[in-house]
Amino acid sequence: MIVSTNATELYSAYSQCYATEANRRRIAFYIDLAFAIAALVLTTLTVAESAAGLVDFLNRWLPLAALFWLGLREIEPIAGDKRHRREAVNIQEQFDLYFWKDSSWPQHWNRLLAGEPIPTRTIKQLAAANQNQMFTPDYWVNTDGLPDNDAALFRIEQTAAWGAVGHRRYAKLNRLPATAGALAVAVVALLLDVSTRETAVALFAIAPFLVGRIQSARDHDALAERREVLERHIRAVLDPKRPSSEADVRSAQDEIYRIRIEHRRIPSWLYNRNAEHDRLTIDAAVETAVAEYRSGM
């Protein structure tokens, strides 16, 4: 497959938007973590019976600050601006449609779902700002010779599979610190005979971190399930004896759009760490399905 400049620009543009949104989430995570560290410091100082003034200050204000931050984070007055996510998802939608319908993709844009496409000027500005993401020729599995609609469905299946595996992996990873944090507070309180007041203060302080990790695990599991349902739907639709319709592709593409617009994304460091392994397994599975499809044509 020849990589066009247009496709490369679209890929770079939506990657830049996702990176901007990731920075917002990263800041929120660091604040959650800072409260958890403060709880550890408070417990240590309390047991050591040192820095009485700092202990008293933390006992008084740390729970209030943690609860205020938790409420602020949940109602999202700061991170509530969805512009970057909407831009990223819309550009990625255009990227997908470009491979399905080439230059006629605007005729198949779902304005009821996605609104208006992102202007070309904005795409070029975003692409120019992104210097790290490069679109590779083997991004999609090879679907040469397949009907356009079936080839598009295989690409959607590939996208859904990558996301499903990544969301499951990140959900499991989120449960570990949540469980460890709760157990650590209980163990410290029991073994070091920390008072009920200090234990309660520590629990309040780590609440944003615990709630954030538990909520993240639950949401990523839900997104993984939706992607797996989409995979199964596509497998049921694809039939070499009955080429798929544009309506089949549009309905599957609409579902992947709805999934992407959810405010949850796999961190790039985790994605990149497992990218080679996932490429060998997920892409290989889709390539096998493509080969079986070809053999039945």
For atom CZ of Arg111, decide whether the heavy atoms of other residues, nucleotides or ligands shown that lie under 6.0 angstrom number more than 12.
-> yes
pair Asn90-Gln94: side-chain heavy atoms closer than 4.5 Å = no
Would you mind checking if Asp150 and Arg155 are paired as a salt bridge, meaning a charged N to carboxylate O distance below 4.0 Å?
-> no
Determine, step by step, whether Asp254 and Ser251 satisfy the side chain to side chain donor-acceptor pair (under 3.5 Å) criterion, reporting the C-alpha distance in whole Å, the side-chain angles of both residues, the deciding distance to 0.1 Å, and the verdict.
-> CA-CA 5 Å; Asp254 286 349; Ser251 63; over 6 Å; no
Can you tell me if Arg250 uses its side chain to pair, donor with acceptor, with the backbone of His108 under 3.5 Å?
-> yes
Can Trp105 be reached from Leu113 by stepping across I, L, V, M, F, W or Y side chains whose heavy atoms are under 4.5 Å apart?
-> yes
Hey, are the side chains of Pro147 and Tyr293 touching, using non-hydrogen atoms and a 4.5 Å cut-off?
-> yes
Indicate the atoms forming the closest heavy-atom contact of Arg226 with Arg258, along with that distance.
-> NH2-CB, 3.7 Å
Nearest-0.5 Å distance, OG of residue Ser268 to CZ of residue Arg26 | 6.0 Å
Regarding Ser245 and Asp248, is there a side-chain donor-to-acceptor distance under 3.5 Å anywhere?
-> yes
Expected output: side-chain Lys124 to main-chain Ala13 donor-acceptor under 3.5 Å | no
Fit a plane to each ring of Phe135 and Tyr11, take the angle between them on a 0 to 90° scale, and name the class: parallel (under 30°), tilted (30 to 60°) or perpendicular (over 60°).
-> tilted
Can you name the ring-ring contact (aromatic ring centres under 6.0 Å, His included) partners of His167, sequence neighbours left out?
-> His220
Gap separating the OG1 atom of Thr159 from the CD1 atom of Ile259, nearest 0.5 angstrom = 10.5 Å
Start with the C-alpha distance between Asp283 and Trp140, add both sets of side-chain angles, then the distance that settles side chain to side chain donor-acceptor pair (under 3.5 Å), and finish with yes or no.
-> CA-CA 8 Å; Asp283 288 5; Trp140 297 120; over 6 Å; no
Rounded to the nearest 0.5 Å, the CG atom of Asp102 sits from the CG atom of Leu97 at a distance of 11.5 Å
Can you see which heavy atom on Ile123 is nearest to which on Ile118, and at what distance?
-> CD1-O, 3.7 Å
Got a second to check how far Glu93's CD is from Arg86's CZ, nearest 0.5 Å?
-> 11.0 Å
Is it possible for you to say whether Ile214 and Leu33 belong to one hydrophobic cluster, with membership spreading through side-chain heavy-atom contacts below 4.5 Å?
-> no
Kindly indicate, with the supporting measurements, whether the criterion side chain to side chain contact (heavy atoms under 4.5 Å, CB included) is fulfilled by Val89 and Tyr18.
-> CA-CA 9 Å; Val89 175; Tyr18 281 131; 3.6 Å; yes
Does the Thr143 side chain pair with the main chain of Leu146, one donor and one acceptor, at a distance under 3.5 Å?
-> no
Nearest atoms (heavy-atom pairs only) where Asn149 meets Trp100 | OD1-NE1, 3.0 Å
Plane angle bin for Phe95 and Phe99 - parallel if under 30°, tilted between 30 and 60°, otherwise perpendicular = perpendicular
Ala161 to Glu231 - nearest heavy-atom pair and separation = CB-OE1, 3.3 Å
Go through the side-chain N and O atoms of Asp96 and Gln253 and say whether any donor and acceptor fall under 3.5 Å apart.
-> yes
Does CG in Leu112 sit with more than 12 non-hydrogen atoms of other residues, nucleotides or ligands closer than 6.0 Å?
-> no
Residues Tyr98 and Ala7: closest non-hydrogen pair is CE2-CB, 4.1 Å
Electrostatic pair Glu228-Arg168, nearest N-O below 4.0 angstrom | yes
Determine whether Val165 and Val141 fall in the same hydrophobic cluster, where Ile, Leu, Val, Met, Phe, Trp and Tyr are linked whenever their side-chain heavy atoms lie under 4.5 Å apart.
-> no
Say whether Ile261 and Trp162 are linked into one hydrophobic cluster, either directly or through other cluster members, by side-chain heavy-atom distances under 4.5 angstrom.
-> no
Determine the minimum heavy-atom distance between Trp109 and Gly115, stating which atoms define it.
-> NE1-O, 2.7 Å
For Gln92 and Tyr257, what are the C-alpha separation, side-chain angles and deciding distance, and is it a side chain to side chain donor-acceptor pair (under 3.5 Å)?
-> CA-CA 9 Å; Gln92 195 169 6; Tyr257 183 95; over 6 Å; no
Hydrophobic cluster membership, Val237 vs Val229, 4.5 Å side-chain cutoff | no
With side chains defined as the heavy atoms from C-beta onward, is the minimum distance between Ile156 and Leu230 less than 4.5 Å?
-> yes
List the steps and the verdict of side chain to side chain donor-acceptor pair (under 3.5 Å) for Asn174 and Ser216.
-> CA-CA 7 Å; Asn174 271 288; Ser216 181; 3.2 Å; yes
NZ/NE/NH1/NH2 to OD/OE distance under 4.0 Å, Glu255 and Arg232 = no
Salt bridge (Lys or Arg N to Asp or Glu O under 4.0 Å) evaluation trace for Asp278 with Arg273 | CA-CA 10 Å; Asp278 289 345; Arg273 179 180 178 181; over 6 Å; no
Distance (rounded to the nearest 0.5 Å) between Glu9 CD and Ile91 CD1 | 10.5 Å
Would you say the ring centroid of Tyr170 lies under 6.0 angstrom from that of Tyr271?
-> no
Test item: Gln158 side-chain N/O and Tyr139 main-chain N/O as donor-acceptor pair under 3.5 Å = yes
Report yes if the side chains of Leu126 and Tyr14 come closer than 4.5 Å at any heavy-atom pair, otherwise no.
-> no
Are any side-chain N or O atoms of Arg218 and backbone N or O atoms of Ala171, one a donor and one an acceptor, separated by less than 3.5 Å?
-> no
Are any of the side-chain heavy atoms of Leu238 and Arg235 separated by less than 4.5 Å?
-> yes
Validation row: Thr281, His277 side chains within 4.5 angstrom (heavy atoms) | yes
With rounding to the nearest 0.5 Å, note down the distance linking CD1 in Ile256 to CZ in Arg227.
-> 4.5 Å
Flag, side chain of Arg294 to backbone of Gly145, donor-acceptor distance under 3.5 Å | no
